Amino acid sequence: SEEEGGEETYHLVLNSSQHPPYFDWEPKYYAVEEFTQLVEERTNNQVTFDIYYSNQLAGQRESADALARGTYDMQEVNGAFWTERIPELYVVSLMFWNYGEEHTLHMMRNTEFGELYEQSLEDYGIKLMHFWPASVTGYMSSTPLASMSDMNGLIMNQTSNLAMDYHQQVGAGIATMPTVEQYEGLMRGTLDAIQFPFYSLETYRYVEVVDYISLPTLNPAISMVTINQDSWDELPEDIQEIMIETSQEVEMKAAEASKAMTERAFEFANENDVTCVAMDREDFESMRSAVKTHLWGKYASINERTERMVEVLEEETERWLEANPEFKQYFDPYLTDYSGGEEDEHNHSDDESNHYC
Amino acid sequence: MSIIIQMMKAITIVNKSMPWFIGSLIAVVSFLLALDVVLRYFFSAPTVWAFDLSTWSTGVVAFLLGGYALAKGHHVRVDILFERFSERTKSIVDVIGGMFLLLIASTLVVVGFSYVIHYFQIGATSSGGMEMPLWVQWLIVPIGGLLIGLQGLVKLINDIAMITRGKPLYVTEEE
Amino acid sequence: MEIWIIALLLFLSLLTFLLLGVHVAFALGGISILFGLIFWNGLPSLDGFVLGTYERTTQAILTALPLYIFMAAVLMYSDLADDMYEAIYRWFGGVKGGLAAGTSIVAAVFASMVGVASVATAAVGMVARPSMLKRKYDDQLTLGVIMAGGVLGALIPPSIVMIVYAAEASVSAGALFMAGIVPGIMACLLFIVYSLILCYFRPEKGPSVEVDMRYTLREKFQSLKSIVLPGLVILLALGSIYLGVATPTEAGAVGAVGAVFAAGVRKKLTFVNIKQIFMMTAKLCGIVFWILIGAVAYARIVTVTGTGEWLGSMITDAGLNRWVVLILILLFFLVLGMFIDTVAVLLITAPLFLPVLGAFDFNMVWFGILFTIAVCIGNLTPPFGISIFIMKGVAPDIRTSTLYRAVWPFVFILLFCMILVLLFPEIAMFVPTQMLGQ
Ligand code: NA
Ligand code: NA
């Protein structure tokens, strides 16, 4: 910070683990570009930002430490990359933990679950600003994945210790490959399937190397924008308020954008002959219970906080589903016995069929 | 004086023994990765740690060989002007380089060691499949810094001896 | 401080210390730490340096480096590589410059395996140079052919550079791969043509076997036996990539194991040979990784001081004709590529350049190929050319000035390729258009 004409100014450096957004309707655009622009405007440029995309200032794993030690002020990242250092953050990668953007933000913002998540960041000297939902994530593959048994013998890209455990349980082989090599791996058949956001069909052109997508496992995947605790404490209260308000605002916009992005991903898949494979309901239920046993169970066993987070997740999700019964059918459009949803109330999309797979 | 020479000798011997360790490591990693390919392709049952081990090993290779390359005089320089300098001027240039090196090495040692302690305290674990403690993985940073930094001191002492006395204290670069 | 002063200090200090003869790795790293302390947040910038160092050296795409270097060292010290050269020599030795042409192909094949230029340069440099010098080839030509062939790894798929560009520009990596094939082969052919013409007019640079010394057909076929083992090793590595059995990184391990096996079959795994193999591997890895550690720190300082963005914005803010902008951007990559890794230049300037190029309606796959050629050139150009430094590591007896002179003809050939692709986009776009209908 420096004095300028009596009023202190603050220059914040933000490192993003993603490449720059291509479109101004992407959730990432709201979370990073619009957020910084609005804060600059609303503080009359008392706060200004410098944004560096594509891990230019620190790698995605190491960025937790670079941020915590004040190498720069802010970081955009998916919590999954910080789990070596802050294992609680793995929760955002737990398959089937969430039911859409509303549920995700409800859990994060209104429950003890979200409090515990933020505490784990605070313990590391990092403050959460806002989340940005990044549309649904699921399996993209070269063979149809309609059930757990279809995974037997497939080679999947490995993303974390926890996911690996589960995938081995269902008989899949693991190939660990950097994200940059995934495209090639799928192209040459070194990989049969990856678990990745569906928008990458378009942005990373995975449409050219996969033939199938199936029931999404993260609904949606979420990333976040964070700030170094000391950088935050240094800001005067009125500026902090402006930033918090702006964070809330862009979080809501990003959530809407995330839904639109999901719609677009399915449309894009459809136009380009990537088939969404519907799953049998029984298969889905047994898959979900296997995930809970192996994945959620292992996550809960990490420490007291993760144990509590899983408890709260189960309780609060049940409570939320009681209050929002239409979401009980959240996964139905991806299942074989789905009838088209005439009497289906939940508003997944505006078009009449509502049938993803 | 002789104790300094003994120290210089000891540091140089440690660094010069590195190829045996690193060469064996690369050979073992090659074998494990190749085995992993076979297990995956023919049996769909690859190991979960081979890849993680190989990326970390690359870090081991990188950090631990800096001192070796220095002990053997392998590090690269642009010699367009350098080759025309007198021996004394060459040593002056290398003192400048030695200062840069000490800055790099001490940063690696001090900051690297602070991360080793930090990861030990929070119990951080690598996520790639090996589930190795992060502090063990990070040990290569201060150790690598120490290896190249100490070798840098050896060279610095020699260069200062060159400037002041016209000959090095202890010749490191031969076999 | 004014940004242009920082920019000037940053480039001039590197130039000065490099020219004085300070070790490249230490000059890059030391300058980066000092500038970081002054212009980037003081002490916390040291965390940035250390974290970046660890990240870079444990980055998955660099895992290939020690593996391929080890494989090449085994091939070299078990004489497998020289046997292969003997065969090439017996068949093509009658042509002046024939061995140089052969090396261009070997380097391009090696380069095509991995997407990282430094790997191919180190591996081919190690095996090809002694064999060519032994057969009286001019050192400067030998060095040029090896370094130039090695950088084609970025242009001939698979290519990490293209994958990084694909993500930045949201284009298909597959389309880029296809678009790189023809320019890559074209560049390799031009290297060959250059070597042949040069040696035709100046036979002392690449002498042919004298007429009465020519090998008989029988001797030629005999030599093919010695190609079997090294050929199998390379086929094993290449084949495992293209058949989808292994990733390019793993293929390095497969090749290394194959090479060790082949050396064992030839009974070459003696104590002395193993020691040489380990020392060669350790030497090259030590040199290359410490230069990379310095280079990545320096690139980060160019980024965080805003120097790169400031220079780039001068182009985008000037309101020029679309073709002028395109050419200025390419020149920008070429000039900054003299000092830092051209891929780092892309990351710095992507938010600035790519939308502008998109708005001007340029085909971004085509531009990706132009960019990739700029990366190839940047690897070669003095004062900071990673290929030059690796080559110097492979053969410390060579003067830097010889290496600088050796790269120029090939830099011009690559520039010529860039101009051809600029004028005739079909050279790049024909294959992807046919295959993908784009
Ligand atoms: Na390649
Ligand atoms: Na260069």
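Worth knowing before you read on, the calculation uses all heavy atoms, side chains too, and leaves out hydrogens, waters and symmetry mates. In what follows, chains carry the letters A, B, and so on, assigned in the order in which the sequence lines appear, proteins first and then strands, with residues in each chain numbered from 1. Every value quoted in this text rests on a predicted model; they were computed, and no experiment measured them.
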Audit row: C:K392, B:H75, side-chain contact (heavy atoms from CB on, under 4.5 Å) steps and yes/no: CA-CA 9 Å; C:K392 180 120 169 109; B:H75 282 294; over 6 Å; no

Smallest separation among heavy atoms of B:L33 and C:A253, with atom names: CB-CB, 3.5 Å

Checked B:G152, B:A62, B:A69 vs chain C; the most non-hydrogen pairs under 4.5 Å come from B:A62

In terms of heavy-atom pairs under 4.5 Å with chain C, which of B:V110, B:L81, B:V93 leads? B:V93

Looking only at heavy atoms, which of residues 47-54 of chain C get nearer than 4.5 Å to chain B? C:D47, C:F49, C:V50, C:L51, C:T53, C:Y54

Check whether more than 12 heavy atoms from other residues, nucleotides or ligands sit under 6.0 Å from atom CD1 of B:I3, and answer yes or no. no

When the ring centroid of C:W290 is compared with that of B:F100, is the distance short of 6.0 Å? no

Assess the residue pair C:F26 and B:M99 against the criterion (side-chain contact (heavy atoms from CB on, under 4.5 Å)); give the C-alpha distance rounded to whole Å, side-chain angles, the decisive distance to 0.1 Å, and a yes or no. CA-CA 9 Å; C:F26 308 156; B:M99 293 300 173; over 6 Å; no

Taking every non-hydrogen atom, the tightest pair across B:G97 and C:V22: CA-CG1, 3.6 Å

Side chain / backbone / both / neither for C:P66 at chain B, heavy atoms under 4.5 Å: both

Determine whether more than 12 heavy atoms belonging to other residues, nucleotides or ligands lie under 6.0 Å from atom CG of C:L43. no

Heavy atoms only: give me the nearest B:A34-C:V257 pair and the separation to one decimal. CB-CG2, 3.7 Å

Part of B:I148 lying under 4.5 Å from any heavy atom of chain C: side chain

Within-4.5 Å side-chain heavy-atom neighbours: C:L20 and B:R77: no

Decide if atom CZ of B:F85 counts as having more than 12 heavy atoms of other residues, nucleotides or ligands within a radius under 6.0 Å. yes

Heavy-atom pairs under 4.5 Å with chain B, option from C:L67, C:V245, C:V24, C:L46 with the top count: C:V245

Which pair of heavy atoms, one from C:K283 and one from B:Y68, lies closest together, and at what distance? N-CE2, 3.8 Å

Between C:A256 and chain B, with a heavy-atom cut-off of 4.5 Å, which part of the residue counts as in contact: side chain, backbone, both or neither? side chain

Inter-residue atom distance B:I96.CD1 - C:F17.CZ, 0.5 Å rounding: 6.0 Å

Crowding at OH, B:Y170 (>12 non-hydrogen neighbours, <6.0 Å): yes

Are the side chains of B:S24 and C:F278 in touch, meaning some heavy atoms are under 4.5 Å apart? yes

For C:I31, is it the side chain, the backbone, both or neither that has a heavy atom under 4.5 Å from a heavy atom of chain B? both

Closest non-hydrogen atom pair, B:S30 against C:F70: OG-CD2, 4.0 Å

Of the listed residues (B:W138, B:Y115, B:W56), which shares the most heavy-atom pairs with chain C below a 4.5 Å separation? B:W138

Gap between atom SG of C:C285 and atom CG of B:L64 - 0.5 Å precision: 11.5 Å

Output for pair (B:I26 CD1, C:I69 CD1), nearest 0.5 Å, gives 8.0 Å

For the candidates B:P19, B:A50, B:G59, which exhibits the highest count of non-hydrogen atom pairs separated by less than 4.5 Å from chain C? B:P19

CE/B:M132: more than 12 non-hydrogen atoms of other groups inside 6.0 Å: yes

Contacting region of C:L28 [heavy-atom separation from chain B under 4.5 Å]: neither

Are C:L243 and B:Y41 side-chain neighbours, meaning at least one heavy-atom pair lies under 4.5 Å? no

Examine whether an atom of B:A27 lies under 4.5 Å from a heavy atom of chain C, and if so say whether it belongs to the side chain, the backbone or both; otherwise answer neither. both

Which of B:L65, B:D79, B:V37 touches chain C most, by non-hydrogen pairs under 4.5 Å: B:D79

Min side-chain heavy-atom separation B:K155-C:H23 under 4.5 Å: yes

How about CZ on C:F11, more than 12 heavy atoms from neighbouring residues, nucleotides or ligands closer than 6.0 Å, or not? yes

CD-OG1 distance between C:Q59 and B:T55, expressed to the nearest 0.5 angstrom: 10.5 Å

Do C:T58 and B:T58 have side-chain heavy atoms sitting under 4.5 Å apart? no

Assess whether side-chain contact (heavy atoms from CB on, under 4.5 Å) is satisfied between C:T57 and B:F63, documenting all intermediate values. CA-CA 8 Å; C:T57 54; B:F63 279 104; 3.3 Å; yes

Any non-hydrogen side-chain atom of B:I22 less than 4.5 Å from a side-chain atom of C:T281? no

Report yes if some heavy atom in the side chain of B:I80 is under 4.5 Å from a heavy atom in the side chain of C:Y404; otherwise report no. yes

Taking atom CZ as the centre, does B:F31 end up with more than 12 heavy-atom neighbours from other residues, nucleotides or ligands that are less than 6.0 angstrom away? no

Side chain / backbone / both / neither for B:I140 at chain C, heavy atoms under 4.5 Å: side chain

Checking B:D94 against chain C: side chain, backbone, both or neither under 4.5 Å from a heavy atom? side chain

Is there a donor-acceptor contact under 3.5 Å from the side chain of C:R399 to the main chain of B:V78? no

Please identify, among B:V141, B:I104, B:D36, the residue contributing the most non-hydrogen atom pairs under 4.5 Å to chain C. B:I104

